[in-house]
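Down below is the structure, laid out as structure tokens.
These numbers come from a predicted model, not from an experiment. Letters A, B, ... mirror the listed sequences (proteins, then strands); counts begin at 1.
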Amino acid sequence: MTRRTKRLEEAASRRNEESGRMGAAIANLRPRTFLEAYGVVVIVVMVAAIAAAPLLASDPLEQDLSVALTGPSADHWMGTDNLGRDIWSRILNGGRVSLVIGLFVLIAAGTVGVVYGAISGYLGGIVDAVMMRVVDIFLSFPAIMLALLISAALGPTIRNVILAIAAAWWPVYARLIRGQVIVVKEREYVTASRALGAGPMRNLFQTVLPNSLGVMKTIFVLDIGYAILAGSTLSFLGLGVSLPTPEWGVMIREALQFPNSWWLILSPGLALMLFVSAINFAGGIVTRSVHEIPGR
Amino acid sequence: MRWFILRRLSLMPFVLLGMTFITFVVSQLIPIDPAAAYLGGRGAVHTDEAEQNILNALNARWGWDRPILERYWIYLTNLTKGDLGEASNTLRPVTTDLAKVVPPTIELVLAAMLAALAIGIPLGVFAASRKGRFWDEGFKVVSTLAISVPVFWLAIVGFTIFYGRLGWAAGPGQLDIFTRAPPAVTRMVVLDSIIARRWDALWDALHHLAYPALLLGTVIGFYFARVVRSEMVEALESDYVRTARGKGLKRSLVLYRHGLRNAIIPMITLSGLAFGSLLTSVIVIEHVVGWPGLGEYAFRAATRLDLNGIAGVVMVISLAYVMVNLAVDLLYTVADPRVREGMGT
């Protein structure tokens, strides 16, 4: 092996140094303040409760008209709705729907946005210019109008809510990742990897992209909360999940018909706020793990 | 300076043109059947011959069956005459609708922005001056809750409490049904009442405006306060603030003169950005308190797939966006002398 190739290999392995920082970043994931610890605990407890919903509560669709619209009691500690369904059970099962929406919006918008933006930034030139004008078109159209339009056109189902929000969000990710890729692709280790004969696909997805995702991780984590809020807003407006599926936004919408039964509206709103704020409290940990790398 | 403004304003027709194009592109990308939506359906398969006839008639009436390029051309030619077409959700010209719904929203948003500044700046300055201590931690908790709360839920719960139980807030709409509306000049009821010297109407209008504006203002205000706090914390650690303190200047003077000034530029940027995401909150709040504004209209146009209505709303919003960005740039020149020099006029 000549010295030249050796040097190139060294440079190529330097990319592992940057991804090797991941390990250090994970060690940094320990909460430092009370609020961060609180956020982590709330997230863990809520996700566990939502996952274990069938064990913790009865069927969310089971009706018992003899106890319709009763306040919190020993049997139904969050009360019941107009059909005598248990609110506690609907909150837990509704959380499933909300979480699924939040996660899948990020997976869909994230995948499309990252792949699109990475390709655009990596290829550069005219392709990049054209691809980014498409992003501009989407960005200049008010996101809420786009989401409303799509869910109105496709109909109120969980899948369509995810589609509607993802369609409004992917351009943001595309633009962010493009900016990162443009910077990273000029680094030495990328040149080295190319010189070693890595094809454009391999180069982009194995060398450039993993090193461009840093900032995105923070944004992704914080955006789960906002995706859940966006999903429940659509449901509240009557365009999201439709009845009888329990979902926090839909439950708030339903509660509007019974203004005297305060427990109907209180629990889903508090559940939303508790979960989203827990993500925001804990978010500082992720930000730190990405930006504050030990030994640098 | 004057040239700068003129140049930016001259871009407006192009922005409008661009937005019409974008609306048409978007409406082509989404499988929309406006005729079915008009009938209350959602593009179901219509096999019934009578139903098909109705759909055909609707398509012919609004020209939805024509090729997209032809529709776009017709739309553009009408646009040059100031005609935005007929809204299928109200059966009125879009321009008439917009003239009616835009002023109430401007009124609401302006009032909310004032409230947001009045709440956000002092709160942020206060938290920064107590950095790391009890009140700062409390601010961190409350402001995180404020940016995590679903606005639609907060709007309903607040309305139930302040209108339903306590009776402090006024009911839905812009005026009480028993209050005679002042003659519509600007269509902003507060201004119209002042113009007509109808003090009873003015009081009633302000009363109705208070709840939605304060609610929106509080939510945005906490966003502002978070930015002010983090900028202030940075400024307060700088050398010039230490110097000012060392000179023995009063604490409040140091905070507001030396600290806050440096937090103002990011604040201006943020206000511009916040404006873009304001629409969602405005739609939700107008929906809850029955404010007859652009948000409610946008919601109806979008959910009823009223293409002309949507195009009109999008145009208004993008125009407002251009205006806000212009205002933001002008404010920079006021707030930061370096920018003023840089513009060279």
Side-chain angles (χ1 to χ4, degrees), chain A residues 33-35 38-39 134 136-156 163-164 167 225-226 228-230 232-239 248-249 252-253 255-256 259-260 262 265-266 268-281 283-284, chain B residues 15 18-19 21-23 25-27 29-34 36-37 42-44 137 140-141 143-154 156-157 159-161 164-165 276-284 287-288 295 298-307 310 313-314 317-318 321:
Chain A
T33 64
F34 171 75
L35 285 178
Y38 160 84
V134 175
D136 287 345
I137 286 182
F138 274 90
L139 280 179
S140 55
F141 201 82
I144 178 77
M145 292 298 279
L146 194 61
L148 286 176
L149 250 176
I150 292 176
S151 46
L154 300 181
L163 264 179
Y226 294 114
I228 292 175
L229 278 186
S232 63
T233 305
L234 281 188
S235 302
F236 168 73
L237 290 171
L239 291 163
W248 293 340
I252 294 172
R253 177 184 172 81
L256 283 179
N260 290 321
W262 52 269
I265 197 161
L266 220 53
L270 288 178
L272 266 172
M273 186 160 81
L274 196 64
F275 195 74
V276 178
S277 63
I279 292 178
N280 282 328
F281 281 130
Chain B
V15 173
M19 289 319 289
F21 180 71
I22 287 167
T23 312
V25 171
V26 169
S27 71
L29 289 175
I30 307 168
I32 286 175
D33 186 347
R42 191 175 286 109
E137 291 298 316
K140 211 184 276 173
V141 173
S143 69
T144 307
L145 290 179
I147 63 167
S148 309
V149 69
V151 177
F152 60 94
W153 179 75
L154 193 67
I156 297 166
V157 172
F159 205 51
T160 318
I161 294 173
R165 307 270 152 168
S277 57
L278 205 59
L279 186 67
T280 312
S281 314
V282 168
I283 287 182
V284 165
H287 202 63
V288 171
F299 172 71
R300 260 184 290 133
T303 50
R304 294 183 192 171
L305 304 183
D306 170 3
L307 294 176
I310 292 164
V313 170
V314 171
I317 292 168
S318 45
Y321 207 74

Could you tell me how the ring of Phe236(A) sits relative to the ring of Phe152(B): parallel (under 30°), tilted (30 to 60°) or perpendicular (over 60°)?
parallel

Less than 4.5 Å apart, side chain to side chain, heavy atoms only: is that true for Pro142(A) and Val314(B)?
yes

Do Glu137(B) and Leu35(A) have side chains that get closer than 4.5 Å, going by heavy atoms?
yes

Ring pair (Phe, Tyr, Trp, His ring centres under 6.0 Å) against Phe159(B), all qualifying residues, sequence neighbours excluded:
Tyr163(B), Tyr211(B)

Who among Ala302(B), Ala146(B), Gly164(B) has the most heavy-atom pairs with chain A under 4.5 Å?
Ala302(B)

With a 4.5 Å cut-off on heavy-atom pairs, point out which of Val151(B), Thr160(B), Val141(B) contacts chain A the most.
Val141(B)

All side-chain contact (heavy atoms from CB on, under 4.5 Å) counterparts of Ala301(B), not counting sequence neighbours
Asn89(B), Asp306(B), Ile310(B)

Looking only at heavy atoms, which two atoms of [X] and [Y] are closest? And how far apart?
{"X": "Ala298(B)", "Y": "Met145(A)", "value": "CB-SD, 3.7 Å"}
{"X": "Ser277(A)", "Y": "Thr144(B)", "value": "O-CG2, 4.1 Å"}
{"X": "Lys140(B)", "Y": "Phe281(A)", "value": "O-CE2, 4.3 Å"}
{"X": "Val149(B)", "Y": "Leu229(A)", "value": "O-CD1, 4.4 Å"}
{"X": "Trp153(B)", "Y": "Leu266(A)", "value": "CZ2-O, 3.8 Å"}

Which atoms of [X] come close to chain A, meaning under 4.5 Å heavy atom to heavy atom: side chain ones, backbone ones, both, or neither?
{"X": "Val313(B)", "value": "side chain"}
{"X": "Ile283(B)", "value": "side chain"}
{"X": "Leu145(B)", "value": "both"}
{"X": "Ser318(B)", "value": "neither"}

Working to the nearest 0.5 angstrom, can you tell me the gap between [X] [atom1] and [Y] [atom2]?
{"X": "Ile161(B)", "Y": "Trp262(A)", "atom1": "CD1", "atom2": "CH2", "value": "12.0 Å"}
{"X": "Thr303(B)", "Y": "Leu234(A)", "atom1": "OG1", "atom2": "CG", "value": "11.5 Å"}
{"X": "Ser148(B)", "Y": "Ile228(A)", "atom1": "OG", "atom2": "CD1", "value": "11.0 Å"}

Which atoms of Leu237(A) approach chain B - backbone, side chain, both or neither, heavy atom under 4.5 Å
both

Contacting moiety of Tyr226(A), where chain B heavy atoms sit under 4.5 Å
side chain

